[in-house]
Q: 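Got a structure here, written out as structure tokens. Questions coming.
Both ligands and their constituent atoms are indexed starting at 1 by order of listing. Heads up: numbering here begins at 1 and tracks the sequence. Everything numeric here is computed off the predicted structure, so don't read it as measured data.
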Amino acid sequence: MVKKSLNIGILAFHGDVIEHEQALKKAGENLKINLNVIWTRTKKDLENLDGLVIPGGESTTMQKLCDEAKIFNEIKKIKNIFGTCAGAILLAKKVLHKTKNQKTFELMNIKIDRNAYGTQSESFEEEIETKLGNINAVFIRAPKIKSIGKNVAILAEKNKEILACEEKIGNKYYLATCFHPEFTSPIFHEHFLKHCL
Ligand code: GLN
């Protein structure tokens, strides 16, 4: 029988946690899933999660806070993870323009370039086509996905730039977007929840 209830965590040290919670709730309603959203900061919070969202924010800061909370290695065990912007950086196996001592979870077979669209003031918003439908995509000091492994599927690209992709490795599932879908539409959250069922 299909599971209709999910425990979804949002890594809640900083970044756009509230917006992800709202998008997840909307997605849950649309899919008629009974959703329990957990603001995740401790090992205990990570127990029994069906999936985890890593929000946008600052990848270096989030990494340090995960280290301090001693959950860096625990997060690597989560089966389904959705990373937006800084979250996508944290999922990537390879990162360009890392700061000194920056590390990531190295879970997803993508190479990503931090801050590749320029500074904060060069942030922008534009309508893009994706395999899940059109979305108004918000890019805030966003990274660019420079290359992907052979098991990674592209969900959105524009002018040969990969903007969103997903990877299934055994029973693990990872979803990454360079932009922030949580501000404008629940379509990526719905897609993620379907994989967590
Ligand atoms: N530039 C940030 C980083 O490297 C990401 C920005 C964002 O998440 N909007 O972590």
Side-chain angles (χ1 to χ4, degrees), residues 8-24 27 37 39-41 51-69 71-72 75-76 78 80-128 130 135-148 152 155-158 161-167 174-189 191-192:
I8 302 294
I10 308 171
L11 191 63
F13 291 124
H14 91 152
D16 51 346
V17 179
I18 292 171
E19 289 78 3
H20 271 294
E21 177 163 23
Q22 285 163 349
L24 279 170
V37 175
W39 284 37
T40 301
R41 296 187 181 119
L52 177 71
V53 173
I54 306 180
E58 178 53 50
S59 51
T60 51
T61 305
M62 260 188 274
Q63 171 224 311
K64 281 182 201 147
L65 294 168
C66 287
D67 273 338
E68 271 174 32
I71 57 169
F72 192 87
I75 287 178
K76 290 175 92 155
I78 300 288
N80 304 298
I81 307 183
F82 175 19
T84 60
C85 204
I89 295 168
L90 281 158
L91 279 176
K93 284 200 172 159
K94 290 210 176 88
V95 181
L96 303 175
H97 294 111
K98 271 192 206 171
T99 59
K100 201 170 161 245
N101 300 329
Q102 180 170 4
K103 60 177 182 176
T104 68
F105 299 119
E106 295 182 24
L107 294 169
M108 196 172 177
N109 203 356
I110 58 175
K111 181 157 90 183
I112 198 160
D113 190 9
R114 291 180 68 226
N115 308 327
Y117 289 96
T119 62
Q120 190 83 5
S121 60
E122 289 167 289
S123 298
F124 61 99
E125 185 174 335
E126 69 181 13
E127 172 103 0
I128 60 163
T130 83
I135 183 168
N136 193 24
V138 179
F139 294 82
I140 304 170
R141 211 164 151 240
K144 285 186 181 177
I145 296 167
K146 302 303 275 186
S147 63
I148 56 173
V152 179
L155 291 173
E157 63 186 324
K158 188 162 184 175
E161 307 273 9
I162 301 162
L163 305 176
C165 56
E166 64 185 349
E167 183 173 22
Y174 305 120
L175 171 64
T177 64
C178 293
F179 54 92
H180 290 265
E182 66 281 8
F183 288 131
T184 53
S185 160
I187 56 174
F188 277 83
H189 296 75
H191 187 71
F192 180 62

Q: For ligand 1, which atoms sit closer than 4.0 Å to a heavy atom of I140?
A: 6 (C), 7 (C), 9 (N)

Q: For ligand 1, which atoms, with element, lie under 4.0 Å from some heavy atom of I89?
A: 3 (C), 4 (O), 10 (O)

Q: Would you mind telling me if ligand 1 is within reach of the side chain of E58, the backbone, both or neither, using heavy atoms under 4.0 Å?
A: both

Q: Would E58 and R114 pass as an ion pair if we require N to O under 4.0 Å?
A: yes

Q: Using a strict cut-off of 4.0 Å, indicate which atoms of ligand 1 neighbour a heavy atom of G56.
A: 8 (O)

Q: Give me the nearest non-hydrogen protein atom to atom 7 (C) of ligand 1 as residue plus atom name, then the distance to 0.1 Å.
A: C85 SG, 2.9 Å

Q: Could you check if a side-chain atom of T84 sits within less than 4.5 angstrom of a side-chain atom of I54, using non-hydrogen atoms only?
A: no

Q: S59 heavy atoms, cut-off 4.0 Å: which ligand 1 atoms fall inside?
A: 3 (C), 4 (O), 10 (O)

Q: Does the side chain of E125 pick up a donor-acceptor pair with the side chain of N136 at under 3.5 Å?
A: yes

Q: Give the contacting part of N115 toward ligand 1: side chain, backbone, both or neither, where contact means a heavy-atom distance below 4.0 Å.
A: side chain

Q: Taking the six-membered ring for Trp and the full ring for Phe, Tyr or His, determine whether the centres of H180 and F139 are under 6.0 Å apart.
A: no

Q: Could you list the atoms of ligand 1 found under 4.0 angstrom from a heavy atom of R141?
A: 1 (N), 5 (C), 6 (C)

Q: Can you find a pair of side-chain heavy atoms, one from I89 and one from L91, that are under 4.5 Å apart?
A: no

Q: Considering only heavy atoms, which of G57, P143, P55 lies nearest to atom 2 (C) of ligand 1?
A: G57

Q: Compare every heavy atom of H20 with every heavy atom of G56, then report the nearest pair and how far apart it is.
A: N-NE2, 4.4 Å

Q: Would you mind checking which non-hydrogen protein atom is closest to atom 4 (O) of ligand 1, with the distance to 0.1 Å?
A: R114 NE, 2.8 Å

Q: Just to be sure I read this right, does ligand 1 sit under 4.0 Å from the backbone of T60, its side chain, both, or neither, counting only heavy atoms?
A: neither

Q: Sequence neighbours excluded and cut-off under 3.5 Å, please list the side-chain donor-acceptor pairs for residues 104-113, or say none.
A:
{"from": "T104", "atom 1": "OG1", "to": "A92", "atom 2": "O", "distance (Å)": "2.7"}
{"from": "T104", "atom 1": "OG1", "to": "E106", "atom 2": "N", "distance (Å)": "3.3"}
{"from": "D113", "atom 1": "OD1", "to": "H97", "atom 2": "ND1", "distance (Å)": "2.6"}

Q: Going by atom types alone, do Q63 and T60 pair a side-chain donor with an acceptor below 3.5 Å?
A: no

Q: Would you call M62 a ligand 1 contact, heavy-atom distance under 4.0 Å?
A: no

